[in-house]
Amino acid sequence: MINITLKDGSVRQYSKGTTVLEVTEDISRGLAKKALAGKYNGKIVDLNTKLAEDGSLEIVTFDDPEGQEAYRHTTSHIMAQAVQRLYPGTKLAIGPAINDGYYYDFDSEHTFTPEDLAKIEAEMEKIIKADYPLTRKVMSRQEALDFFTDRGETYKVELIRDLPEDAEISLYEQGEFIDLCAGPHVPSTGRIKANKLMNLAGAYWRGNVKNKMLQRIYGTSFPKKQELEDYLFRLEEAKKRDHRKIGQELKLFTIMEEGPGFPFFFPKGMVIRNELEAYWRELHRTWGYQEIKTPVILNRQLWERSGHWYNYRENMYTTLIDEEEYAIKPMNCPGAILVYASEPHSYREFPLRLSEMGLVHRHELSGALHGLMRVRSFTQDDSHIFMLPSQITDEIKAVIDLVDTMYKKFGFEYHVELSTKPENAIGSDEAWEMTTNALEKALQEKGMPYKVNPGDGAFYGPKIDFHLKDSIGRTWQCGTIQLDSNLPERFDLTYIGEDGQKHRPIMIHRVAFGSIERFIAILTEHYAGAFPTWLAPVQVKILPITDRQHEYAEKLQQELFAAGVRVEVDHRSEKIGYKIREARLERVPYMLVIGDKEMENGTVALRKRGEGDQGAVDFASFKAELLQEIAERV
RNA sequence: GCUGGCGUAGCUCAGUAGGUAGAGCGCAUCCUUGGUAAGGAUGAGGUCACCGGUUCAAUUCCGGUCGCUAGCUCCA
């Protein structure tokens, strides 16, 4: 324990390694303006001062996650205070700090509009100017229950009810406002220097669809005005990378009203798709996979047997054929299983890796649709791997390596999550335990950091998920490895073992891209539309300066075309600056400007994306380097 | 699916305090042949998302539907 002498002369004890955030009550009265908590070894201890394990003091700044949380969390209290001033009777739910800011959930008779945000912001400004100290209060559970019941804060009452009987309950007070809160906070409201309310949204109480939908207001705050401005600028910049915007500008794909969630791919989008698939096929061939294709429509009986009919029905499209019920596949596994079961297998074939670019359809909720990231019709780069129990760990590690190889190719940063048994799980507890342990073991042996997502697994098995970030930092699940001990059972899959007897194989489902659609969306945002040459829809654009070069332009075009290059000639009667501008907007990697000089010398004036004018280069050597770059997929 | 916002030309958007609409870009044609981010002229293009209601009159007001969107929920 450490003794801290407070300004009023009293001494309080704090344990090492904790942040001194609770001293507020001691110092707030009268000292708030200075926001000093006390002194320790002659040094000033502020609310944002941390006592390290060795007893030394460490100032917690906004750059520390803890300091940032205290800062934003305080701002959320200020927002709640402003809202309750402007809209009396509004009940408070929860209001945490989050990644880029904070939010607070309200239950109010008043429906907030975007115009209200400005009013609330102005009221928040008043509270900040008033520089109210934040005072911590402690109550027993019963006292807190009575207190919030009196105030009609039914959500807070519900939160307190969930706490243990002997819990010590902390509240933070600022001016006339008081809120149930564990802290931490900054010492006074005046600490907030830059604040902005971002948007309005609905959110279910406690994240449960069955509960009331509350009104959530998102905001963000920073210690400096400039930091807020920088943040808003970055957000604007990030929006320019949005794949929905770039997808339209570059004519990659569209989604029309005639088919919500069912994307159309334009020729340029198909180029990227096909290149990705070609890369995928090449890689999978060398990694020991064999490709199959299974039907999109299969009968109801199959889906009943697989369990999808009972566990995934609300997401499945169905249809009648000759008065028999069929379903459009939402997953590829049953098809792959039928392929497996179509002939007897020996353990000598294992691991048997069957891959499939499988087109699946899922009835996703309309509100969940999001460009190519979340659609109702998508192609999974699926594989089903059949193996011996003894091969599980190595095979999972191999899949992790394959996914890593693919993501590194594009320079992606990703994080991994392990999702465990959900509520609607099928199969025995023992099977779930065995499969979950197997996944965990593989992750540990790979030394891969991961986060556990309890209850987030698929209904047939636990999974490892690979998450990638989009332009504004939202993460999307792409790759996944799922261990399934259920379907082999349901379909009575077998292999002949060394002992000549029938045994049950282990099955893995896995995707690496995840879905081609989502992966293209992530890629588009990652590159901001400037795809590497091997993926670029147009790799080379030839720009003749006048009509005199058209013949030469076509000759070059044909030569590149014959070598498999995607090349276009801009022979409109526009000035060269104009043609360059357009080709730049299209993010074409290489522009070949040709005028009389180049025509005479058999050269091209090369303009490289991101690097500008490269001067005259020999066409043959340009072509050779280009072809090599494409072949190496760099 | 839920809550809020939005829906005007291919795109980005303006507009009508209720009297059937405009700009820029793009597109077409013509002039221009110009050396590294926008040359000029003319023209075509809209059942103002859809369906109802109010009104002499609705793109505008009201209701519903569909779609998009920010989140929530759900997921690759």
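Chain A is the first sequence line, chain B the second, and so forth, proteins listed ahead of strands; every chain is numbered from 1.
- Among the heavy atoms of the strands, none lies under 4.0 Å from A/A583.
- In this structure, A/E258 reaches neither bases nor backbone, as no heavy-atom distance under 4.0 Å exists between it and the strands shown.
- Spacing of C1' atoms, B/U69 relative to B/C62, comes out at 24 Å, to the nearest Å.
- Ion pairing between a basic and an acidic side chain is recognised when a charged N comes within 4.0 Å of a carboxylate O; A/E517 and A/R374 show no such pairing.
- Residues A/E356 and A/K329 are paired through a salt bridge, judged by an N-O separation under 4.0 Å between the basic side chain and the carboxylate.
- Judged by atom type and distance alone, A/Y204 reaches the base of B/G1 through a side-chain donor-acceptor pair under 3.5 Å.
- Residue A/K251 is out of contact with every strand shown, counting any heavy-atom pair closer than 4.0 Å.
- Across all strands, A/N199 comes closer than 4.0 Å only to sugar-phosphate atoms, never to a base (heavy-atom distances).
- Nucleic acid contact class of A/Q380 (heavy atoms, under 4.0 Å, all strands): sugar-phosphate only.
- Considering A/K469, A/R241, A/H243 as possible partners of A/E525, the one that fulfils the side-chain hydrogen bond (donor to acceptor under 3.5 Å, both in side chains) test is A/H243.
- A salt bridge links A/K119 with A/D116: the distance from a Lys NZ or Arg NE/NH1/NH2 to an Asp or Glu carboxylate oxygen falls below 4.0 Å.
- When each of B/A37, B/A76, B/U33 is scored by its nearest atom to the side-chain atoms of A/I580, the top-ranked nucleotide is B/A37.
- Closest to the A/E257 side chain, of the nucleotides B/A38, B/C72, B/C66, is B/C66.
- If you take atom C1' in B/A41 and the same atom in B/U32, they sit 11 Å apart, rounded to whole Å.
- Taking the side chain of A/V375 as heavy atoms from C-beta on, and the options B/A38, B/A76, B/A37, the nearest nucleotide is B/A76.
- For the C1' atoms, the distance linking B/C50 with B/C66 amounts to 7 Å, nearest Å.
- Salt bridge status for A/R510 with A/E395: absent, with no side-chain N to carboxylate O gap under 4.0 Å.
- Using a 4.0 Å heavy-atom criterion, one finds that A/K579 contacts no nucleic acid atom at all.
- If you check every strand for non-hydrogen atoms under 4.0 Å, A/R510 touches nothing.
- Rounded to whole Å, the separation between the P atoms of B/G45 and B/G40 comes to 24 Å.
- For B/U32, the OP1/OP2 oxygens have no side-chain nitrogen or oxygen of A/S573 closer than 4.0 Å.
- Nucleic acid contact for A/R206: none, since no nucleic acid atom lies under 4.0 Å from a heavy atom of the residue.
- Between the side chain of A/Q549 and the base of B/G35, no donor-acceptor pair of N or O atoms lies under 3.5 Å.
- Across all strands, A/V511 comes closer than 4.0 Å to no nucleic acid atom at all (heavy-atom distances).
- For the pair A/R244 CZ and B/C6 C1', the computed distance is 14 Å after rounding to whole Å.
- We find that CZ of A/F262 is positioned 16 Å from C1' of B/C68, with the value rounded to whole Å.
- Using a cutoff of 4.0 Å between basic side-chain nitrogens and carboxylate oxygens, A/R548 and A/D596 are scored as salt-bridged.
- Across all strands shown, A/R362 has heavy atoms under 4.0 Å from base atoms, whether or not it also approaches the sugar-phosphate.
- Nucleotides B/U55 and B/A23 have their P atoms positioned 36 Å apart, rounded to a whole Å.
- The phosphate of B/C75 (OP1 or OP2) has no side-chain N or O of A/R518 nearer than 4.0 angstrom.
- Between the C1' atoms of B/C68 and B/U8, the separation comes to 15 Å (whole Å).
- Across the C1' atoms, B/C27 and B/G18 are found 34 Å apart, a figure rounded to whole Å.
- Atom CG in A/L585 sits about 15 Å away from atom P in B/U12, given to the nearest Å.
- B/G24 sits 16 Å from B/G39 when the P atoms are compared, rounded to a whole Å.
- Separating the CD atom of A/Q248 from the P atom of B/C68 is a distance of 14 Å, rounded to the nearest angstrom.
- Base contact: A/D596 has a heavy atom under 4.0 Å from a base atom.
- Rounded to whole Å, atom P of B/A37 lies 11 Å from atom CZ of A/R581.
- Taking the 5.5 Å centre cut-off and the 30° plane limit, the aromatic side chain of A/Y218 is not classed as stacked on B/G71.
- Nearest nucleotide to the side chain of A/S366, out of B/G71, B/A38, B/G1: B/G1.
- Within the 4.0 angstrom heavy-atom criterion, only backbone atoms of the sugar-phosphate kind lie near A/R216; the bases stay farther away.
- Remark: P of B/C68 and CE of A/M373 are 16 Å apart, rounded to the nearest angstrom.
- A/G577 comes within contact range of the sugar-phosphate backbone alone, with a heavy-atom separation under 4.0 Å but no base atom that close.
- Between A/E417 and A/K451 there is a salt bridge, since at least one side-chain N of the basic residue sits less than 4.0 Å from a carboxylate O of the acidic one.
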